[in-house]
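Contents: one structure, followed by commentary.
Just so it is clear, the model here is predicted, and its values are computed rather than measured.
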Amino acid sequence: MENSGCLSADEGCTDLSKLVSEDGKNAKAVLCQRCGSKVLCPGMAVLAEKELFLPSMRKKTGITQAEGTVDGDTLTAHWLVDDMYTFENVGFTKDVGTVKYLICADCEIGPIGWHCLDDKKSFYVALERVNHA
């Protein structure tokens, strides 16, 4: 992510200043891209930059047999939540190593975020995997 204030060069420019309040929290509600279910209320998460790999949200074969790799994206802009009870509506996958992926609890699309089991107070929701309203 560049210092241009844009969220993603791939999908045009999403101005971060419209999403982040003066105190660094989410200014708008965070919603599921598929069903519109509310994941977080405004003011409940802090913008954090951390490189995290999230598997692709599109239904694919998952792990390619030849390479043993998972298709996905390395994302850097996330909403950071320090308590899982802060979420309005989120589900968790089964453990994948020391990680649980966050999904929409209503339509089960995901992963929209990431949680390491070693750090009980860090739940990341990727800005590019959710809508804001």
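Under the 4.5 Å side-chain heavy-atom criterion for Ile, Leu, Val, Met, Phe, Trp and Tyr, Trp114 and Val70 are members of distinct hydrophobic clusters. Residue Met57 is not grouped with residue Ile103 when hydrophobic side chains (ILVMFWY) are merged at heavy-atom distances under 4.5 angstrom, including chains of intermediate members. Under the 4.5 Å side-chain contact rule for hydrophobic residues, Val46 and Tyr85 do not share a cluster. Cluster annotation: Leu47 and Met44 are assigned to the same hydrophobic cluster (Ile/Leu/Val/Met/Phe/Trp/Tyr, side-chain heavy-atom contacts under 4.5 Å, transitive).
Taking the side chain as every heavy atom from C-beta outward, Leu127 and Trp79 approach each other to under 4.5 Å. The side-chain heavy atoms of Val39 and Leu31, taken from C-beta on, include no pair separated by under 4.5 Å. Looking at Met84 and Phe92, their side chains come closer than 4.5 Å, going by heavy atoms from C-beta outward. At least one side-chain heavy atom of Leu19 sits under 4.5 Å from a side-chain heavy atom of Lys28. Contact annotation: the side chain of Asp83 never approaches that of Lys121 to less than 4.5 Å [non-hydrogen atoms, C-beta and beyond]. In this structure, Cys32 and Val130 have side chains that are not in contact, with every pair of non-hydrogen atoms separated by 4.5 Å or more. Side-chain contact between Leu102 and His115 is present, with heavy atoms from C-beta onward closer than 4.5 Å. Within the 4.5 Å cutoff, side-chain heavy atoms of Leu40 are placed close to those of Thr86.
Residues Pro42 and Ala29 come closest through the heavy atom pair CG-N, 3.6 Å. Across Ala105 and Asn89, no two heavy atoms sit closer than the pair CB-OD1, 2.7 Å. Between Gln33 and Glu128, the shortest heavy-atom contact is NE2-O, 3.0 Å. When all heavy atoms of Tyr124 and His78 are compared, the closest pair comes out as CD2-CB, 3.9 Å. Residues Ser21 and Ala27 share a closest heavy-atom pair of N-CB, 3.9 Å. The two residues Leu54 and Arg129 have their closest heavy-atom pair at O-NH2, 3.3 Å.
At distances below 3.5 Å, not a single donor-acceptor pair connects side-chain atoms of Asp73 with backbone N or O atoms of Leu75. With hydrogens and angles disregarded, a donor-acceptor distance shorter than 3.5 Å links the side chain of Thr93 to the backbone of Tyr101. Distance alone, capped at 3.5 Å, is enough to place a donor-acceptor pair between the Asn26 side chain and the Gly43 backbone. Counting only distance, with no hydrogens or angles, the side chain of Ser122 and the backbone of Asp119 share no donor-acceptor pair below 3.5 Å.
Of the inter-residue distances, the one linking Phe123 atom CZ with Phe87 atom CZ reads 6.5 Å to the nearest 0.5 angstrom. Atom CG of Asp106 sits about 5.0 Å away from atom SG of Cys35, to the nearest 0.5 Å.
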* To do: Would you check, one step at a time, whether the test side chain to side chain contact (heavy atoms under 4.5 Å, CB included) holds for Glu88 with Cys41?
  => CA-CA 7 Å; Glu88 293 296 309; Cys41 289; 3.4 Å; yes
